[in-house]
Q: 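Structure in structure tokens, see below.
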Amino acid sequence: MSFLLPCQADSKTLSFTDDLRLLVHGGAWDIPAQLHEAHARGVQSAYEAAVHCFRNGGSGLDVVIAALDVLEDDPTFDAGRGSFLNECGEVELDAGVMEGQTLRAGAVAGIRNFLHPAQIARDVMEKTNHAFLVGAGAEDFAQRCGHTPLPPEDLVDPREREVFARWIAAGKPDAKIFFSSPAAESLRSGKHPDKRGTVGVVAAVRSSQSASGWTLFAGTSTGGTPGKMKGRVGDVPVIGAGVYADDEGAAVSCTGWGEGLLRISAGQRISAAVRAGVPVGEAVQQTLLDLRRRLDGFAGIIALDARGNLAASFTTPFMAFAGPSGVLAPLQQPVGCVTVRRQDY
Ligand code: GLY
């Protein structure tokens, strides 16, 4: 089942497998009606690619990368091709991946000439003694690992040139408002640029090596926010902010206002709460409410714990995500998605 909450748009049932739990998101913001279908289709394709990968023997990290590859390829989303442009009119990509048994993690930021930053993040994790590479060093490393460089212009969707021009015409507004202001109004007036969303995945794979019987994985990928300063890095590649996985806590992937998610260490906060005994849905909801209360920030989060419990919630008007059949009922009420939408909008 894939859907945008609270507007359900499932076209097909996506089922649990016995050995895999999986959620995929395609961003949280005020997704206008004309983009719902593209978002639902995109996250569903990513979900199906991940399940297919798993059924063909893929590891938990393979599953995460399979889903992120699809989303980075799809210009519907703010990741890979079609990402927002920075203040200089360039694409700069960030991504992070993590696995929860050994707490290995890899991240990259400021990637300008590769389509799949999440793959490079995985290589940082698996092929270096480091956890985070940025800019030219990350790009050199990617080339040494055999990733195919592209002319930076190839990552720019022509649509983004128009978005960029509108952002300048609107007086270069701060990206914080993009996650909460009504898209319909902005599309009509041209006051704010079109938006799109960060992408992410959380997965749990049965494992005899983990005390709980599951090993957790998370991955998040983004082009950041429109008109961001050159060199700006948000929550996404920061381990413990936009991406986190700990078998003793939770796997988390965030989307939304990156500066806020960074400042409250969203991923680590949720995982630590789960480790202390808070149900994963409550931990997600509490973090979103804290972001709202303390920093007036809006976001969406998917998470799962090491017993395979899934959670997804958001304080933006909509969030695009795909999960297994039967996930809608447990997700919508306990985490209060509809209520939050009504209160805030
Ligand atoms: N959450 C995406 C970003 O702020 O870069």
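No hydrogens, no waters, no symmetry mates; every other heavy atom, side chains included, goes into these values. Note that ligands are numbered from 1 as they come in the structure, with each ligand's atoms numbered from 1 the same way.
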Q: Find the distance between CG (Leu261) and CZ (Arg269) and round it off to the nearest 0.5 Å.
A: 10.5 Å

Q: Do any nitrogen or oxygen atoms of Gly234 lie less than 3.5 angstrom from nitrogen or oxygen atoms of ligand 1?
A: no

Q: Going by the atom numbers of ligand 1, which of them fall below 4.0 Å from some non-hydrogen atom of Asp235?
A: 1 (N), 2 (C), 3 (C), 4 (O)

Q: Assert yes or no for the condition that the ring centre distance of Phe314 to His25 is strictly below 6.0 Å.
A: no

Q: Has Glu139 got a side-chain atom pairing as donor or acceptor with Ile111's backbone, closer than 3.5 angstrom?
A: no

Q: For Lys172 and Glu87, what are the C-alpha separation, side-chain angles and deciding distance, and is it a side chain to side chain contact (heavy atoms under 4.5 Å, CB included)?
A: CA-CA 9 Å; Lys172 302 186 177 182; Glu87 64 179 353; over 6 Å; no

Q: Is Gly224 in contact with ligand 1, taking contact as a heavy-atom separation below 4.0 Å?
A: yes

Q: Of Val63, Leu20, Asn56, which is the lone residue that meets side-chain contact (heavy atoms from CB on, under 4.5 Å) with Val51?
A: Leu20

Q: For Gly256, take its heavy atoms, then give the atoms of ligand 1 lying under 4.0 Å from any of them.
A: 1 (N), 2 (C), 4 (O)

Q: Which atoms of ligand 1 are found less than 4.0 Å from any heavy atom of Thr198?
A: 1 (N), 2 (C)

Q: Hey, is Arg232 touching ligand 1 through its side chain, its backbone, both or neither, going by heavy atoms under 4.0 Å?
A: side chain

Q: At a 4.0 Å threshold, what atoms of ligand 1 neighbour a non-hydrogen atom of Thr225?
A: 4 (O)

Q: I'd like to know whether Arg161 forms a salt bridge (Lys or Arg N to Asp or Glu O under 4.0 Å) with Glu153, so could you lay out the CA-CA distance, the side-chain angles of the two residues, the decisive distance to 0.1 Å, and finally the verdict.
A: CA-CA 11 Å; Arg161 293 270 174 233; Glu153 197 59 29; 3.0 Å; yes

Q: Under 3.5 Å, N or O to N or O, is Val236 touching ligand 1 that way?
A: no

